[in-house]
Amino acid sequence: MKIITRTVAINNLSKYIGKELSSFAEQYGITITKNGKYNKGWKGQVLERLAGLDNNNSKAPNGLSYELKSVAFYYKKEELVPKETMAIAMINPEELLKTEFFSSHCWTKLKSIVFCAVMWNGKNSTKAKFLNIANFDFAQDDELIQEIKHDYDYIRNKLIKHGWSSLTGKDGKWIQARTKGVGHGSNTRAFYARKQLVNKIFELGKINNK
């Protein structure tokens, strides 16, 4: 199996900044729409192939994994801003109860993500320009990470004191623990990066400053 390290994946992706992703979908056999059904994951699938990943072969030589995340951006008053929050990791309540932040799945996922910004052209659009990549190495003593840790600790303590149902999307400055799944009655929750965290990461870590 061919190993594509994080650095190699970023170098591969950087060649396609500014390109229209839909032009590669057909090349890689990735369906955008079929029989009236829209493939919501097509942009991420194209980005994985452009990075050199195939069949989920994203394991790095040192044993640490990484994954690509695509986030939609749009222009607001001539400035690119994220349209949406970004899922970081699913929450297992038993794991959250017993796990400190720097040993958590949330931290492992957050520090290993390669963020890809794509242009949002409306719901179910078949077009998506690849805008930029953010490659950001988080340090545990970084002020931003300490604030994210504070959010995690607050959410964890709330779970301990008040139970699973007390967790809402209103908690946390940078990350939130909100429902994930079909319908408003979903009992499944995940950690999400708020829009301001997504924006900050791109501003600090984008590789192309033009």
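Values reported hereafter were calculated over all heavy atoms of this structure, with side chains retained and with hydrogens, waters and symmetry mates removed.
The distance from the CD1 atom of I148 to the CG atom of L110 is 5.0 Å, given to the nearest 0.5 Å. In this structure, OG1 in T188 is found 11.0 Å from CG in N92, a value given to the nearest 0.5 Å.
The side-chain hydrogen bond (donor to acceptor under 3.5 Å, both in side chains) search around K127 returns none, not counting sequence neighbours. Not counting sequence neighbours, the partners of Y38 by the side chain to side chain contact (heavy atoms under 4.5 Å, CB included) test are I32, T33, K40, W42, K43, N124. Every residue two or more places apart in sequence or in another chain was checked for a salt bridge (Lys or Arg N to Asp or Glu O under 4.0 Å) with E95, and none qualifies. Under the rule for a ring-ring contact (aromatic ring centres under 6.0 Å, His included), the partners of W107 that lie at least two apart in sequence or sit in another chain are F101, F102. Scored by the side chain to side chain contact (heavy atoms under 4.5 Å, CB included) test, T7 finds T5, N11 as partners (sequence neighbours excluded). Checked against side-chain hydrogen bond (donor to acceptor under 3.5 Å, both in side chains), K158 has the following partners two or more places apart in sequence or in another chain: D171. Applying the side-chain hydrogen bond (donor to acceptor under 3.5 Å, both in side chains) criterion to K109, with sequence neighbours excluded, gives E67. By the side-chain hydrogen bond (donor to acceptor under 3.5 Å, both in side chains) test, D153 pairs with K149, sequence neighbours left out. Every residue two or more places apart in sequence or in another chain that forms a side chain to side chain contact (heavy atoms under 4.5 Å, CB included) with A117 is listed here: F73, L131, F202.
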Without placing hydrogens or testing angles, list every side-chain donor-acceptor pair under 3.5 Å for residues 18-26, not counting sequence neighbours.
from: E20; atom 1: OE1; to: A128; atom 2: N; distance (Å): 3.4
from: E20; atom 1: OE2; to: S22; atom 2: N; distance (Å): 3.2
from: E20; atom 1: OE2; to: S22; atom 2: OG; distance (Å): 2.9
from: E20; atom 1: OE2; to: A128; atom 2: N; distance (Å): 2.6
from: S23; atom 1: OG; to: E20; atom 2: O; distance (Å): 2.6

For residues 74-90, tabulate all N or O donor-acceptor pairs below 3.5 Å that involve a side-chain atom, not counting sequence neighbours.
from: E84; atom 1: OE2; to: A72; atom 2: N; distance (Å): 3.1
from: T85; atom 1: OG1; to: R178; atom 2: NH1; distance (Å): 2.9
from: T85; atom 1: OG1; to: R178; atom 2: NH2; distance (Å): 3.4

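Two residues are said to be in side-chain contact when any heavy atoms from C-beta on lie closer than 4.5 Å; W164 and I91 meet this criterion.
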